[in-house]
Engineer: 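I have a structure here, written as structure tokens, and I will follow up with some questions on it.
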Amino acid sequence: MEEYRKLTESEVQQLKEQGCIAECWTDIEVAQDFTPEYVFYTRFYGKVRLGVFEGEFELAGGMKKHAGLYHTTLHNVTVGDGCCIENVKNYIANYHIGNHCFIENVDILLVDGRSTFGNGVEVSVLNETGGREVMMHDRLSAHQAYIMSLYRHRPVLIDRMRAIIGKYAEENASDMGTIGDHVTIVDSGYIKNVKIGDYCKIEGAGRLKNGSLNSNQEDPIHIGYGVICDDFIVCSGSKVEDGTMLTRCFVGQSCHLGHNYSASDSLFFCNCQEENGEACAIFAGPFTVTHHKSTLLIAGMFSFMNAGSGSNQSNHMYKLGPIHQGVMERGAKTTSDSYILWPAKVGAFSLVMGRHVSHSDTSNLPFSYVIEQQNDTYLVPGVNLRSVGTIRDAQKWPRRDKRKDSHKLDHINYNLLSPFTIQKMMKGCKVLKDLRKVSGETSDVYAYQSAKIKNSSLNNGIKFYETGIHKFLGNSIIKRLEEINFKSDEEIRARLLPDTEIGMGEWVDISGLIAPKSEIDRLMNDIEAGVLNGVEQIYERFAEMHRNYYTYEWTWAYDKILSFYHLQPETITAKDVIGIVKQWQEAVVGLDKMVYADAKKEFTLSSMTGFGADGSREEKEQDFEQVRGTFESNPFVTEVLNHIEKKTALGNELIERLSPLCGTPN
């Protein structure tokens, strides 16, 4: 701990000669090695502590400035070692400033009274009029916010969560603010009741009021020019820039908000990228992306979502106010000029095109196209399973995780196929088969959830879903049996038995974390019972679920393998497993070939329109090749071909290992 001393008479005299004044010189304490050499035209009020002003800051263009205090006013402030504070127009009040900070051309920086620095602020997500408020705090994850906003039918749970967060906010409340080490604040305006973490850089912010910037050395925060934030929390690695305006917003780790983006009462979790448009009362789960000025996201829940230009939703039907909400499950996206009238629910990895006002629920028909045709909503079930765009999205999300902070708040499962999506496909198969049975196989159009499904789309949808189910279940059994040389069917049966009973039943996606619903229920029960009574305990429970995902997944997959392939645990044989693997190979190769064919459309002559300006067809093709490359050399295409080869070999290897137990050649 730093030891401080009083100023000497000669130091006081020197400070006076350098234009400094103090309300009471005896209220100023300094570090043992302090010298007044670099303190000019500074006013001191209240209790002030000063470190040692040694070292220089090298600025852009090669400019250097020595640490010190120049033309500033301090009131109840502690300044660490090696800081440079210059040209503060009004004053800095009630702050502990860390070491090696650079503060220049700031209007005012103060803490006024006791502040929680954004912790405990209520954000009215999904319903603008209230009822689903989420209380922000420094450790908020997408999963905790999901439960707090959607499980309102459990009032005891919500009251306990509010109490836990309220306790955390009170523990972190203070009438003194903190500015961490190596912080830069330049050319900024009004900063009030803001906690600023290590290595944060604030350049040209307009107004920051009642919030926390949870920056750290691993993953600093950047706040840019013209930014206005009121009642906010921004997490490590995030960038809020270029005139962005936020009111009652939580910004998770490694988000990027810029280009005059505007948001109120919204939550943005890790790796969101929001530019140009507007958000109101949205729950933006991980990887929610919007780039366009004409795009409005309102009263919706999203994750792994990309909003096309002009995307819009309505939560107001001019009756009881803006009370309606919508959900787009993970991976759903909108095309340009799409419109959805809430309430509605869009299934996972679906694509929304056109205008939709029928309040449909397609959650049990994932991987679909939701298309407007003559003012009606048409569904094309399962077709997105063969889309090159869907596969590309699934591959790019892990690569686009920009979080460098070793302590990640959100636990993200990137799997395209999981118990969550496969259970939806199984329900989808049943829905489509029941429709066909009730309405007849020869019907031209089937009605489902205020939407329509064409006959060909229904039959193709069943095939797509069954292919996806074969692929997932085959993947699971191959993984379970890898690298083991079995000597009998009994050894296979023993290996197939799950390691835990956890995982049976329904699975849920709670904004990025895929887990058995039984485990989510256990967590909520423990919160209600007081077993979990701190934000870190809740975080650790989510982390445990995420760590054990594949163990829980096998429990679920094993049960579905038995029922889907009509097998019994005590009689399953190597021959049965080989049959499953062969169906898996057919499904994997079949889907990859469809993805390959879909990718090839991007290299047809019609795709070359606009290439080879003013030239012949040959020049058009050459120009296209220079810009886009050839189909055969495209990295994604070669990856698909390698995937076919790799998966075929993987299946053949297991078949070869198990074939001796069948007594027949493979």
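Since this is a predicted model, take the numbers as computed values, not measurements. Values reported hereafter were calculated over all heavy atoms of this structure, with side chains retained and with hydrogens, waters and symmetry mates removed.
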Engineer: Between Phe34 and Tyr4, is the ring centre distance below 6.0 Å?
Structural biologist: no
Engineer: List the steps and the verdict of salt bridge (charged side-chain N to carboxylate O under 4.0 Å, His left out) for Lys402 and Asp219.
Structural biologist: CA-CA 9 Å; Lys402 299 175 183 176; Asp219 217 357; over 6 Å; no
Engineer: If you apply the rule side-chain hydrogen bond (donor to acceptor under 3.5 Å, both in side chains), what do you find for Asn216 with Asp198, and how did you get there?
Structural biologist: CA-CA 5 Å; Asn216 58 46; Asp198 296 346; over 6 Å; no
Engineer: Is Lys65 salt-bridged to Glu56, cutoff N-O under 4.0 Å?
Structural biologist: no
Engineer: Before accepting this row, confirm whether a basic side-chain N of the pair Lys89/Asp107 lies closer than 4.0 Å to the acidic partner's carboxylate O.
Structural biologist: no
Engineer: With a 4.0 Å cut-off on N to O distance, would you call Arg355 and Asp337 a salt bridge?
Structural biologist: no
Engineer: Answer yes or no for Arg207 and Tyr190: cation-pi contact, defined as NZ/CZ to six-membered ring centre under 6.0 Å and angle to ring axis within 45°.
Structural biologist: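 Negative - Arg207 is either too far from the ring of Tyr190 or too far off its axis.
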Engineer: Any salt bridge linking Lys209 with Asp230? Criterion: basic side-chain nitrogen under 4.0 Å from a carboxylate oxygen.
Structural biologist: no
Engineer: Check the angle between the aromatic planes of Phe349 and Trp397 and answer parallel, tilted or perpendicular using the 30° and 60° thresholds.
Structural biologist: tilted
Engineer: Apply side-chain hydrogen bond (donor to acceptor under 3.5 Å, both in side chains) to Thr334 and Ser311, showing your working.
Structural biologist: CA-CA 7 Å; Thr334 61; Ser311 294; 2.6 Å; yes
Engineer: Would you say the rings of Tyr539 and His411 are close, in the sense that their centroids are separated by under 6.0 Å?
Structural biologist: yes
Engineer: Parallel under 30°, tilted from 30 to 60°, perpendicular over 60°: which one fits the rings of Tyr414 and Phe304?
Structural biologist: perpendicular
Engineer: Are the side chain of Ser238 and the backbone of Ser254 linked by a donor-acceptor contact shorter than 3.5 Å?
Structural biologist: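 Yes.
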Engineer: Give a yes or no on whether a salt bridge exists between Asp175 and Arg114, defined as a side-chain N under 4.0 angstrom from a carboxylate O.
Structural biologist: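 So Asp175 does not pair with Arg114 through a salt bridge.
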Engineer: When you check the gap from the basic side-chain N to the acidic O, do Asp405 and Arg403 get nearer than 4.0 Å?
Structural biologist: no
Engineer: For the residue pair His66 and Tyr38, categorise the inter-ring angle as parallel (less than 30°), tilted (30 to 60°) or perpendicular (more than 60°).
Structural biologist: parallel
Engineer: Of Lys239, Glu274, Glu241, which is the lone residue that meets side-chain hydrogen bond (donor to acceptor under 3.5 Å, both in side chains) with His256?
Structural biologist: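 With His256 as partner, side-chain hydrogen bond (donor to acceptor under 3.5 Å, both in side chains) holds for just one option, Glu241.
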Engineer: State whether a side-chain donor-acceptor pair under 3.5 Å links Ser236 with Gln253.
Structural biologist: yes
Engineer: Step by step, work out the salt bridge (charged side-chain N to carboxylate O under 4.0 Å, His left out) result for Glu122 and Arg162.
Structural biologist: CA-CA 10 Å; Glu122 293 190 341; Arg162 290 175 63 87; 2.5 Å; yes
Engineer: Between Glu218 and His407 (side chain of the first, backbone of the second, donor and acceptor by atom type, cut-off under 3.5 Å), is there such a pair?
Structural biologist: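 No: the side chain of Glu218 does not pair with the backbone of His407.
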